[in-house]
Structure formats: C-alpha cells, structure tokens
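Below is one structure, written out as structure tokens; comments come after it.
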Amino acid sequence: MTVASVVVDVKNLSVDRPFDYLVPPEWEGLIEPGMRVIVPFGSRKVQGFVVSLKEKAEREQLKAIIEPMDEQPVLTEELLELGEWLSENTLCLKIAAFQAMLPAALKVNYEKYLVPAGGNPGEDPGYFRELFQNRDKIGWDEALRLVEKGALYRGIREGLLRVEYRIKSKGTVRKETYYVPAVPKESFSEKRASLPKTARKQLEIADFYLEHFHAHSAAELRERFPQFSGPVNALIRKGMLKKEEREQYRDPYEHQAVEPSRPHPLTPEQEEAVRPVRRAIESGEPDVFLLYGVTGSGKTEVYMHAIRQVLEKGKEAIVLVPEIALTPQMVARFKSRFGDKVAVLHSGLSAGEKYDEWRKIQRKEVQVAVGARSAVFAPFENLGIIIIDEEHETTYKQEETPRYHARDVAIRRAQSHRCPVILGSATPSLESFARAKKGVYKLLKLEKRMNNMPLPSVEIVDMRKEMHAGNRLMFSRLLMEKMKDRLERGEQTVLLLNRRGYATFLLCRGCGYTMVCPNCEVTLTYHKVSDTVKCHYCGYEGSAPKRCPACGGEHIRYFGTGTQKVEEELKKLFPEARVIRMDVDTTRRKGSHEKLLKDFYEGKGDILLGTQMIAKGLDFPNITLVGVLSADIGLNMPDFRAGERTFQLLTQVSGRAGRHRLPGEVVIQTYAPDHYSVKLARDYRFLDFYRHEMNMRKRGNYPPYYYLVLIVVTHENAMTAAKIIHQIASFLRGRLDERTIVLGPGASPISRLNNKYRYQLLIKYKRDPNLFPALKQISRLFIKEQTKDGVGIHIDVNPYSLL
DNA sequence: AGCACGCCGACT
DNA sequence: GTCGGCGTGCTC
C-alpha cells in the first residue's frame with residue numbers, strides 16, 4: 001500500500017499542511033512526488049501536489065487519489081524543498097509557493113455544476129427539466145439565479161439532482177495535425193504506381209511525399225495543395241499515409257532570424273574577473289560573486305564566457321534580467337551566442353508561450369533560461385551557474401505573496417546544486433556590496449569601459465537659479481542649447497522624467513481643494529490626452545473637473561509635470577523634432593515597448609522621452625545626450641532607499657550616452673544640487689556614495705545593518721484596521737529580543753488604497769530567534785477576523801516598498 | 001476556501 | 001411545524 005502526502009490547492013492557513021491519500025493500485029508506481037493530482041477534499045474535488053510517498057498510513061480511512069494530472073512531475077525534489085523553504089522564509093502558504101514556481105498555465109479552474117440524477121421520474125417536479133433546457137448540466141451559480149435555493153437543495157436531497165465538480169486546466173498543449181508516410185519508401189512507391197491515373201491530386205501529393213519523404217503538417221500541405229484534405233484522406237484509406245497529432249511549441253521569436261555569433265575574446269580585465277568564477281564552476285563551490293563593473297564594461301561578455309564553460313560541462317544556466325531590459329536586442333544576443341539552447345521567459349509572452357518555453361526546460365531541450373524574476377525557478381536539475389544582471393534592481397523583489405527576492409532564491413538554489421552565482425551591477429545594492437566587503441560574497445571588478453570610451457561628462461543644473469533667472473520652462477538653458485545642437489547634428493537625445501501623465505496634482509486656488517482618488521489617499525494625476533484624472537495606484541479614472549468640486553470656483557490649477565506635459569513643451573520649443581514618448585501609457589499594448597525602441601534605434605525619432613523604463617538596456621550608438629529633467633523626484637519619498645535609488649537611476653541613465661564612437665554628455669536638472677546622491681552620481685563615485693549611504697543606514701538602523709519586516713493591516717473600516725494592528729503590536733512586544741525595534745503602529749504612507757484603510761508596523765532586527773515563530777502565529781491568531789470580516793494581514797520580510 | 005451541520009427567528 | 005439565516009468546525 002502506497003500513501004501519498006498531498007498539499008491541496010485551498011488557500012487557507014488551516015489546511016496548509018499535507019493530507020494523506022491512498023495511491024490506487026492502477027496508479028501504483030506511476031504517481032511520484034512533484035506531480036499534480038486530483039483528490040477528494042471534503043465534498044469537493046481539488047488539485048494538489050504530491051510532496052512525498054510513504055509505505056503506510058498513520059490513520060484509518062484514507063480517501064484515494066482520483067487521478068494524476070501529469071505524466072512527469074512538474075516539480076523536482078529540489079523545487080519541492082525550495083517551496084517549503086519559500087513558505088518558511090516569506091511566510092506564505094505552501095500551495096502559493098508551489099504555484100509561484102510554475103507557469104500560470106498549470107493552474108486550474110474549478111467548476112461546480114448540477115446534473116439530473118435519475119431519482120424517481122414520477123417525483124420530478126418538471127421545473128428541473130425546464131432548468132436544464134435540454135442541456136445535460138448547468139452551472140451552480142446559474143442554477144442559483146434561476147431557481148430558489150431551497151428547491152435545489154430539496155432536489156439534491158431527494159436524489160433528483162446531483163452536484164458535480166470539474167477541474168479545468170488553464171493551459172493547453174498546442175497540437176498540430178501531421179500526415180506521415182504509413183509505409184517504408186519502397187512500398188510507398190509501389191502503392192503510388194497502382195493509383196488510378198485519374199486521381200491527379202492523389203498522384204501529385206504522393207509524388208511530393210516521395211520527393212520529401214517525411215511528415216508534413218496540415219498547414220504545410222494546405223499551402224502547397226489548397227484542397228488537400230480529400231486526396232490525402234484517400235491516401236490514408238489506401239494505407240500510404242497516416243494522421244498524427246503532434247505537440248507544437250508556440251514560438252514568439254519564430255520570425256526573427258538570429259545570426260549565430262562567436263564568443264568575443266576577453267580583455268585582460270574581463271579575463272581576470274572570470275577566472276575565480278571558472279574555478280568555482282570547476283570545483284562546484286557555491287560561491288556568490290558580486291561583479292561590480294561600470295556601465296559599458298562588458299559584464300554580459302563575462303556572463304557568456306562563464307555560461308559557455310557551464311554548457312561544456314553538460315550543465316545548465318539561469319540568467320535573470322530586469323523585465324524592462326528583456327528587450328529583443330538583449331534576447332537576440334543570447335540566442336545568437338547559444339542558439340536553440342536558450343529558452344526565454346518574460347511577461348510579454350502569452351500564458352501558452354510561457355508554458356512552452358517552460359516545457360523546453362523541463363524536457364531538457366534547452367540548457368539556458370533567460371528571463372525575469374520568476375525564471376529563477378526554471379526546473380533545471382543540473383545547474384552550473386545562476387546569473388543576476390543588474391542585481392540592484394527592485395523588480396527582483398516580488399510585491400505579492402510569495403514576497404520573495406530572486407537573489408535569495410538564486411543563492412539557495414545554488415547551494416542545492418553546488419554551483420556559483422554571479423550578481424552583476426554598475427551600482428550594486430548596498431546589501432550586496434556590504435556582503436562583498438565582509439567577504440560573504442566575492443568581489444570582482446571591471447573598471448574599464450570597452451573600447452576605452454570615457455564615461456560621459458555630467459553637468460548638474462540648479463533649477464532654482466533657472467527660476468531666478470526668469471526661465472520657467474522644464475528645460476534649463478544649458479539643456480536646451482545642447483538639445484538644439486544635437487538636432488542640428490542629427491544625433492539623438494534621451495530625456496528622463498520619472499513621472500507619467502500631464503500634471504501630478506490639481507489644486508483649486510479659490511479654496512485650496514486638491515483632487516484625491518475616491519478609493520485611495522493619493523492625489524490624482526491629470527492626463528491631457530484623455531482629459532481625465534487618473535489614480536496611478538488603483539487605476540481609477542474620472543473626467544477632469546472644469547469647476548472645483550468643493551467650492552464651484554473655476555480657478556483649478558495644474559501642478560507638477562509629467563511626461564505628457566514635457567512632450568507638449570518639446571513640440572513648442574522644437575517643432576521640427578520628432579519626439580518618441582515612452583511610459584506606461586504608451587507601452588501598455590503588447591509589443592509597443594519594442595516597437596518604440598526600434599523606431600528610435602532606426603532614427604525615426606530625435607528625442608526619446610520616457611520614465612525610468614528607458615534607463616536600462618538602451619545601447620544605441622547615436623545617443624550623445626542624456627537629460628534628467630528632475631533628479632529630485634523620488635528623493636522626497638518616505639523611503640530609506642530613496643537616495644540609493646536616485647544614485648542608481650542617475651548612474652544608469654548616464655550610461656546610455658556615448659556608448660560607441662561618439663562621446664556622450666549628460667545634463668542633470670535638480671532643485672537639490674547639493675544632495676549627495678546627485679553630486680556623487682555626477683562623478684561616478686560609487687564607493688563614496690556607498691560610504692556615505694552606509695553611514696545614513698547605520699544611524700537610522702536600516703539595512704544592511706538591520707533586517708526589516710513590514711506588517712500591514714488593511715480593512716475598509718479604519719477603526720478595525722487600527723485595532724488589529726495595535727493588537728499585533730502588543731502581541732509582539734515582550735515576545736521579541738530586546739534589541740529588536742518595533743516602529744509604529746501607525747497609518748501607512750498611503751493610508752487608503754482600493755477603499756481599504758492601511759495601518760502598519762515596521763520591525764527592525766539583527767538576530768531574533770523569537771521573531772519568526774511570533775510572526776507565524778500572527779496570522780493564526782487573527783484567522784477569524786481574516787476570513788469573517790475581511791481583514792487583510794500582510795507580512796513582508798525584507799520589504800522594498802514601505803508605502 | 002467552501003461545505004455540512006446545527007441552532008434560532010419568521011412565515012404558512 | 002418548516003424554511004432559511006448565519007455561526008462553527010472540518011477537510012486525509
């Protein structure tokens with residue numbers, strides 16, 4: 001007797017543990033850990049993951065597994081273990097951890113419906129028949145809408161109706177029909193000879209097969225022989241061909257021809273950087289390397305050389321890239337070097353395409369996975385290296401449960417596989433650099449740019465002085481002059497403004513009223529294109545008021561500048577310039593991001609204006625000027641990482657200029673020209689920035705000196721949320737180490753979001769063995785309030801956003 | 001989460 | 001009496 005321990009797909013803490021099921025004899029030996037199965041759970045049927053098998057049950061009366069959903073496990077032993085680790089460390093449900101590691105196509109939908117169930121026909125009250133209207137089943141919800149609840153329950157009790165459950169898979173394997181020769185070529189040829197002379201089409205198709213003697217898809221045949229189905233079916237009847245359904249991959253890069261490329265020779269500096277990595281690959285030492293290399297120093301080439309070595313050893317590699325850097329340019333680079341050994345996983349793919357890329361990995365058809373955050377879970381079994389490019393990027397932290405950081409997951413996986421990790425960046429996160437300094441990570445440096453191009457020269461413009469000099473435009477005189485110059489020379493300019501929309505808030509000069517989102521405690525942004533006001537947090541959109549909603553006055557003024565307004569101003573100042581605007585509003589459609597970049601690359605634009613999405617990956621030879629319109633945005637955020645983010649953004653965007661033959665220039669406009677982040681970014685002084693910022697962090701008891709845990713309680717009623725967070729606070733106090741600091745509780749910086757009030761608590765700790773046990777208890781303690789009253793309790797270990 | 005079971009007010 | 005509302009506890 002084999003018993004399977006199964007974690008069921010029910011998102012509730014009370015069932016967040018394995019349940020035991022009998023493996024039915026017919027599936028004996030076929031069901032393995034890591035497979036999805038369908039099991040009875042209470043009166044329902046649910047999906048579950050087999051986490052382990054054992055020989056005997058610890059209790060009587062086990063139910064049996066209904067059926068497996070997979071032929072092969074979808075989670076390896078290592079990933080099952082990783083799932084346990086994830087749920088422990090991010091405090092999420094096991095089932096949520098497992099699902100986060102798999103493509104969405106493997107999730108399922110549940111359907112509850114009614115079927116007529118024999119019963120005694122004489123007792124059939126007739127209206128059930130009416131209910132079904134000749135259908136053999138009806139959805140539960142639809143039945144509830146049509147018939148009294150009582151009548152349904154009566155029908156069920158009396159045996160006239162039966163409730164059934166169905167589990168529907170979301171993703172599908174795409175199949176295509178192929179026509180395959182049914183006999184060897186010689187007998188095929190003989191059969192061809194005995195075809196009647198009048199069957200012209202059949203002869204034609206048979207000859208085609210003789211010439212290309214292999215399987216052909218229906219699509220291919222249709223192209224050559226538009227009316228192929230009749231004759232082909234005749235050939236099938238005559239035993240010459242047979243029909244076959246074959247699995248097909250959806251290939252999003254199908255129409256992109258990629259030229260193969262050879263590895264570039266490394267510079268002595270790159271060679272030196274890659275050497276310790278090579279040793280670790282060879283010895284299987286799970287070292288973490290921090291590759292600190294200035295922009296344009298050729299980090300990617302170092303990655304590729306390491307990957308090549310890994311592939312030569314018959315092992316596999318994962319490369320993580322921030323989502324917005326996952327451009328066709330970037331993908332092409334890997335595809336050209338490693339050909340069809342590469343699978344690409346990013347959010348631009350459809351669920352089906354992602355599923356197909358994932359299956360290529362699962363089936364060992366590829367050895368390299370390039371992708372955004374979740375690609376860290378690529379189901380390789382013989383990893384030789386994990387690379388995280390732009391490791392400082394905050395997109396590596398998932399902001400929904402499971403709230404994991406890809407860097408932590410990568411390091412954990414590397415330990416299981418005994419392989420190295422490379423974290424690469426020109427502006428490493430403070431956390432990583434501090435670890436490198438302590439020797440926890442190994443520091444590798446690239447200080448020279450490829451081709452020895454100097455870093456662009458950066459000038460800071462004090463916008464307060466511009467104002468005093470009577471310039472009220474968004475552009476300083478210096479920046480305008482340089483832009484004019486680029487336009488005349490036919491070179492390109494990149495402008496960064498980290499704010500979309502037209503105006504960031506609307507204020508009535510009559511009464512001081514500002515427009516706030518009806519669902520959130522956030523000012524609304526005016527969008528001129530649509531003449532609407534939008535909430536950038538919940539997506540609310542309303543028409544822009546002509547009069548003040550409070551006093552009826554007509555003096556509504558628009559403050560704060562977004563990309564739309566800059567675009568408008570640009571058109572006035574430089575009517576001849578072709579401006580490409582790139583922000584969430586212009587890139588929402590699939591593929592538009594790529595299209596805009598391609599247009600700019602091909603010279604269809606003189607100025608690229610955008611939010612931070614343009615700061616990364618751009619590697620265009622004709623960009624010689626970068627303008628940062630307002631470096632202060634973000635600096636005033638209530639976030640201890642504001643200075644770090646600003647430094648990183650300024651450095652990254654500066655790196656976009658002058659990457660090739662033409663030298664680059666950067667103009668940074670700011671109202672805070674003396675801020676250390678701005679000044680140190682101008683001179684590319686990362687080390688000085690690091691020292692300064694570390695001091696700030698030390699004084700504020702922030703990472704990397706302390707770890708953080710953020711607890712947020714949400715509820716539509718402010719009092720309820722406040723009450724719960726206070727109860728949590730008093731529960732924690734006294735239970736924690738005396739060096740652990742509890743900040744708050746208090747209202748969140750965004751005190752209301754999507755009609756829910758938000759209260760929070762920030763915990764700072766160094767080492768506290770009591771903390772995690774206490775955190776785990778919190779959700780259990782308030783489980784009633786969570787299910788009954790809709791109280792939300794969110795615990796974020798190492799949060800990146802404190803809003 | 002979603003379902004059964006069980007205990008109380010309202011209507012036929 | 002019976003129906004249907006919601007609170008409680010369980011799911012291998």
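Please read these numbers as outputs of a predicted model, since none were measured by experiment.
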inquiry  = Give the residues of residues 85-107 of chain A touching DNA chain B, defined as any heavy atom closer than 4.0 Å, sorted by residue number.
reply    =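 None, since no heavy atom is under 4.0 Å.
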
inquiry  = Using a 4.0 Å cut-off on heavy atoms, which residues in residues 6-24 of chain A reach DNA chain B? List them by number, or say none.
reply    =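 A:V10, A:K11, A:N12, A:S14, in order of number.
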
task = Report the C-alpha separation of A:E164 and A:R162 in whole Å, then their side-chain angles, then the decisive distance to 0.1 Å, and conclude whether the salt bridge (charged side-chain N to carboxylate O under 4.0 Å, His left out) test is met.
result = CA-CA 6 Å; A:E164 288 201 355; A:R162 202 173 59 238; 2.6 Å; yes

message = Assess whether a salt bridge exists between A:D768 and A:R735, defined as any Lys/Arg side-chain N lying under 4.0 Å from an Asp/Glu carboxylate O.
response =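 So A:D768 does not pair with A:R735 through a salt bridge.
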
ask   = Does A:K756 NZ have over 12 foreign heavy atoms under 6.0 Å away?
value =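 It does not: A:K756 NZ has 12 such atoms or fewer within range.
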
request  = Not counting sequence neighbours, which residues clear ring-ring contact (aromatic ring centres under 6.0 Å, His included) with A:F49? List them please.
outcome  =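 If we apply the ring-ring contact (aromatic ring centres under 6.0 Å, His included) test to A:F49, skipping adjacent residues, the hits are A:F98.
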
Quick one: do the [X] and [Y] side chains pair a donor with an acceptor below 3.5 Å?
X: A:Q760; Y: A:S748; value: yes
X: A:N755; Y: A:N519; value: yes
X: A:E78; Y: A:H417; value: yes
X: A:E323; Y: A:Y396; value: no
X: A:E28; Y: A:T2; value: yes
X: A:E391; Y: A:S429; value: yes

DNA chain C: 5'-proximal contact among A:K788 and A:P40 (nearest heavy atom) =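 Its nearest nucleotide being more 5', the pick is A:K788.
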
For a quick test of your reading: what N or O donor-acceptor pairs under 3.5 Å do the side chains of residues 4-14 of chain A make, sequence neighbours left out?
residue, atom, partner, partner atom, Å
A:S5, OG, A:D20, OD1, 2.9
A:D9, OD1, A:K11, NZ, 2.9
A:D9, OD1, A:Q99, NE2, 3.3
A:D9, OD2, A:Y110, OH, 2.7
A:K11, NZ, A:Q99, OE1, 3.4
A:N12, OD1, A:S14, N, 2.9
A:N12, OD1, A:S14, OG, 2.6

query = What are the bounds, 5' to 3', of the part of DNA chain C that sits under 4.0 Å from heavy atoms of chain A?
reply =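 Listed 5' to 3', the contact boundaries are C:dG4 to C:dC12.
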
Nucleotides 2-6 of chain B: which of its N/O atoms have a protein N/O under 3.5 Å away?
residue, atom, partner, partner atom, Å
B:dG2, O4', A:R44, NH1, 3.1
B:dC3, OP1, A:Y165, OH, 3.4
B:dC3, OP2, A:K112, NZ, 3.4
B:dC3, O3', A:S43, OG, 3.0

ask   = Nearest heavy-atom pair of A:I795 and A:S779: which atoms, and what distance?
value =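 What the structure gives for the nearest pair is CD1-OG, 4.4 Å.
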
